[in-house]
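Notes follow the structure.
Note that these values count all heavy atoms, side chains included, but never hydrogens, waters or copies made by symmetry.
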Protein chains: 2
Amino acid sequence: MATIKDIAQIVGVSCTTVSNVIHGKSGRVSAETISRINDAIETLGYVPNMSARSLVSNSSKVIGVINHLVPSSSGSFVEDPFHSAFIGSIEHTLRKNGYYLMLRTVEDSNDLISFLRNWNVDGMFFTGIFKDEFFETLSKFDIPVVLVDSYIKQSNMYNVGLEDYKGGYLATRYLIEQGHKNIIFASPFIKPNGVVDERLKGYKQALLEASLPFREDFIYQQEIHVENGIDLGKKLAKRNDFTAVFATADILAAGIMAGLQQSGKKVPDDISMIGFDDINLCQLTTPSLTTIHQDATLKGELAVDFMMKRLEGVPIKNKEVILPVSLVKRNSVKKINGQI
Amino acid sequence: MATIKDIAQIVGVSCTTVSNVIHGKSGRVSAETISRINDAIETLGYVPNMSARSLVSNSSKVIGVINHLVPSSSGSFVEDPFHSAFIGSIEHTLRKNGYYLMLRTVEDSNDLISFLRNWNVDGMFFTGIFKDEFFETLSKFDIPVVLVDSYIKQSNMYNVGLEDYKGGYLATRYLIEQGHKNIIFASPFIKPNGVVDERLKGYKQALLEASLPFREDFIYQQEIHVENGIDLGKKLAKRNDFTAVFATADILAAGIMAGLQQSGKKVPDDISMIGFDDINLCQLTTPSLTTIHQDATLKGELAVDFMMKRLEGVPIKNKEVILPVSLVKRNSVKKINGQI
DNA sequence: TTGTAAGCGTTATCAG
DNA sequence: CTGATAACGCTTACAA
């Protein structure tokens, strides 16, 4: 555990000089001293103590990735493969820029604030659904916050979002174009102004344009879990008043499809299915799943991009970036003539 | 940002007393002072500065979860849903015990050591494949290390493993029992003493017991990726000298199955498939995937269990825990009479 | 070009 | 029961 003091002692200079060399303020030090210091750093294997740095400067180089702890399921938070790819992307970019990533779930805003202060966190990413309360609390701190998949706007916060509305619209319109008139909408619980709500709006708009009625009894909400999807599929198999399902997550879609199939329904012959996300699972189901595509890695990169710019004081023109979505046609939707 | 000093000032006591109260050394402080200090802590919203603590004590409360950065793919490290569940489980348990989780990929052992010293990390988890070099380096440090899915044994390291050998054996024997004689073994690259190698040994043993020859040309290795699986499936579809495939990961198995099906092969009628892990994807494929089951959450909990015991100095009788595996029969394996 | 010294928030030692 | 004070490793005015 070599320290700056050790280096200074060995080379025969003061701590200041060593510190200066480390930080590349070489203009103030003679070339010879620099190389001797660098040698010593090398041979002693000196590495800065981040805690000490963090204490004296007001930057900790720690970035938090915050997840809301869903009370029900214990460790469920990274279950979504999409989320994983996203975190991987963040870690990678952060690291390249000299930052460290702390993964943290929080139960309430007190939890959050404590964490923030405990480590003097430089910035935070939020992914997923949080209560508004969180953001109100957070807006009091002058710390960069990047919100992923959230429609909350606050002064010190940046949003990385998706064309959710468009995604919902595209999926639904496509089904309608294929002759479907009675379309189930399956999703996690719909929170006002959340991503799902946007997708639902897109769904409604597509119906409206086609002069189809919006039916409350076509909306199904549940936690996103394979098992829930399968159960829902089985339940739906008993209804005979619909021909298509739009699920706002591929996992859910795949689950529903499996449930339907297990109950003797054929996809897409009896029921057409469309998902959302385009995770690699889509290529593995039979039939392969038609879905709305989004790019998780890019999402992560853009999120970090925001963060880095803010941390380095680069001016940001636009506080929001919306990733495009697109329809990926595979084999789970069938054209029908709409007689139901 | 209230500090201990602030509290001390307001209550009219010294820092020492405040610190003592915070740490519950209440025996040394009057009841009245205690409650006044606690009140002040409450109203000022005091939260300890971990950097300062870390600097003075030699515990940082930071636990690293280390992933080896596969040079090829940029942010691939948490892509595996299994791995995600595992990390979620770790974060949860760690948090309950007052620790913080830093996620970090490393490129080489220098990276690792730097990270270690940067934060004075209290302990580390390793998941996945690392070069032996890493562990040699690491064994010089007196820091608890928990290895997941690794067969490396070192003095200060603990292993959380799986019955990999048994898994490979069970899968293969089951196929043989169903009449299969020519069984492809598909896996990621086989590293001596790695988990895959163990599974391969189980495969060989099952063959041996059935007096079936081991054929080098039945072994396929590639990175685990859905696309690779699909490609392999298509390639395999051109061979006619086998009736079953054992893939050492469900993702791979599902990919191969899709590739086979896309090439006109029927599963399980033409080819039987068996996977490994039992991720929820298994229930979503058609046919559903027969596989070897393991419990990711439990794995995470046991890993943290080791860590906590070591950190708290609880004596550990056994430095290794091996989780059981079991065969889960679904619909991707067919009984044949073995004429090929 | 280099050195001195104060201070970041906390804990620990020792004295009162 | 309580309080000074030093120390952890580092940065940064300011001085030389």
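Applying the salt bridge (Lys or Arg N to Asp or Glu O under 4.0 Å) rule to B:Asp305 yields the partners B:Lys309; only residues at least two apart in sequence or on another chain are considered. Residues meeting the ring pair (Phe, Tyr, Trp, His ring centres under 6.0 Å) test with B:Phe126, sequence neighbours left out: B:Phe130, B:Phe135. With sequence neighbours excluded, the residues satisfying side chain to side chain donor-acceptor pair (under 3.5 Å) with B:Asp149 are B:Lys299. B:Thr93 is linked by a side chain to side chain donor-acceptor pair (under 3.5 Å) to nothing, counting only residues two or more places apart in sequence or in another chain. A:Asn118 meets the side chain to side chain donor-acceptor pair (under 3.5 Å) test with B:Tyr100; sequence neighbours excluded. Applying the side-chain contact (heavy atoms from CB on, under 4.5 Å) test to B:Asp111 and every residue at least two apart in sequence or in another chain returns A:Arg95, B:Val106, B:Glu107, B:Asp108. Residues meeting the salt bridge (Lys or Arg N to Asp or Glu O under 4.0 Å) test with B:Asp122, sequence neighbours left out: none.
Only at 4.0 angstrom or more do the heavy atoms of residues 109-119 of chain B sit from any atom of DNA chain C, so none qualifies.
Put simply, CG on A:Asn58 is 13 Å from P on D:dT11, counting in whole angstrom units. Following rounding to the nearest Å, B:Asn20 (CG) and D:dT2 (P) show an atom-to-atom distance of 10 Å. Rounded to whole Å, atom P of C:dT11 lies 12 Å from atom CD1 of B:Ile7. In this structure, A:His23 places its NE2 atom 7 Å from P of D:dT12, rounding to the nearest Å. Atoms CD (A:Gln9) and C1' (D:dC10) sit 16 Å apart, rounded to a whole Å.
A close approach under 4.0 Å does not occur between any side-chain nitrogen or oxygen of A:Ser14 and OP1 or OP2 of C:dT2. OP1 or OP2 of D:dG3 sits under 4.0 Å from a side-chain N or O of B:Thr17. Taking 4.0 angstrom as the limit, A:Ser30 places none of its side-chain polar atoms (N or O) nearer than this to OP1 or OP2 of C:dT1.
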Extract all donor-acceptor atom pairs below 3.5 Å that involve side chains of residues 312-319 of chain B and protein atoms in other chains or at least two apart in sequence.
from, atom 1, to, atom 2, distance (Å)
B:Asn318, OD1, B:Glu320, N, 3.4
B:Lys319, NZ, B:Gln154, O, 2.8
B:Lys319, NZ, B:Ser155, O, 2.6
B:Lys319, NZ, B:Met157, O, 3.4

Residues 42-49 of chain B side chain polar contacts: donor-acceptor under 3.5 Å, at least two apart:
from, atom 1, to, atom 2, distance (Å)
B:Thr43, OG1, B:Asp39, O, 3.3
B:Thr43, OG1, B:Ala40, O, 3.2
B:Asn49, OD1, B:Ser51, N, 2.8
B:Asn49, OD1, B:Ala52, N, 3.1

What's touching nucleotides 5-9 of chain C from the protein side, N or O pairs under 3.5 Å?
from, atom 1, to, atom 2, distance (Å)
C:dG9, N2, B:Ala52, O, 3.4

Task: side chain to side chain donor-acceptor pair (under 3.5 Å) evaluation trace for A:Glu301 with A:Ser89 - done: CA-CA 6 Å; A:Glu301 284 166 359; A:Ser89 172; 4.6 Å; no
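For the helix from C:dT1-D:dA16 to C:dG16-D:dC1, the angle separating the two terminal helix axes comes to 40°, with each axis derived from five pairs and the value rounded to 10°.
None of A:Ile4, A:Ile22, A:Val21 except one satisfies the side chain to side chain contact (heavy atoms under 4.5 Å, CB included) rule with A:Ile37; the exception is A:Val21.
Within 4.0 Å of B:Ser54, counting heavy atoms only, lies no atom of the nucleic acid at all.
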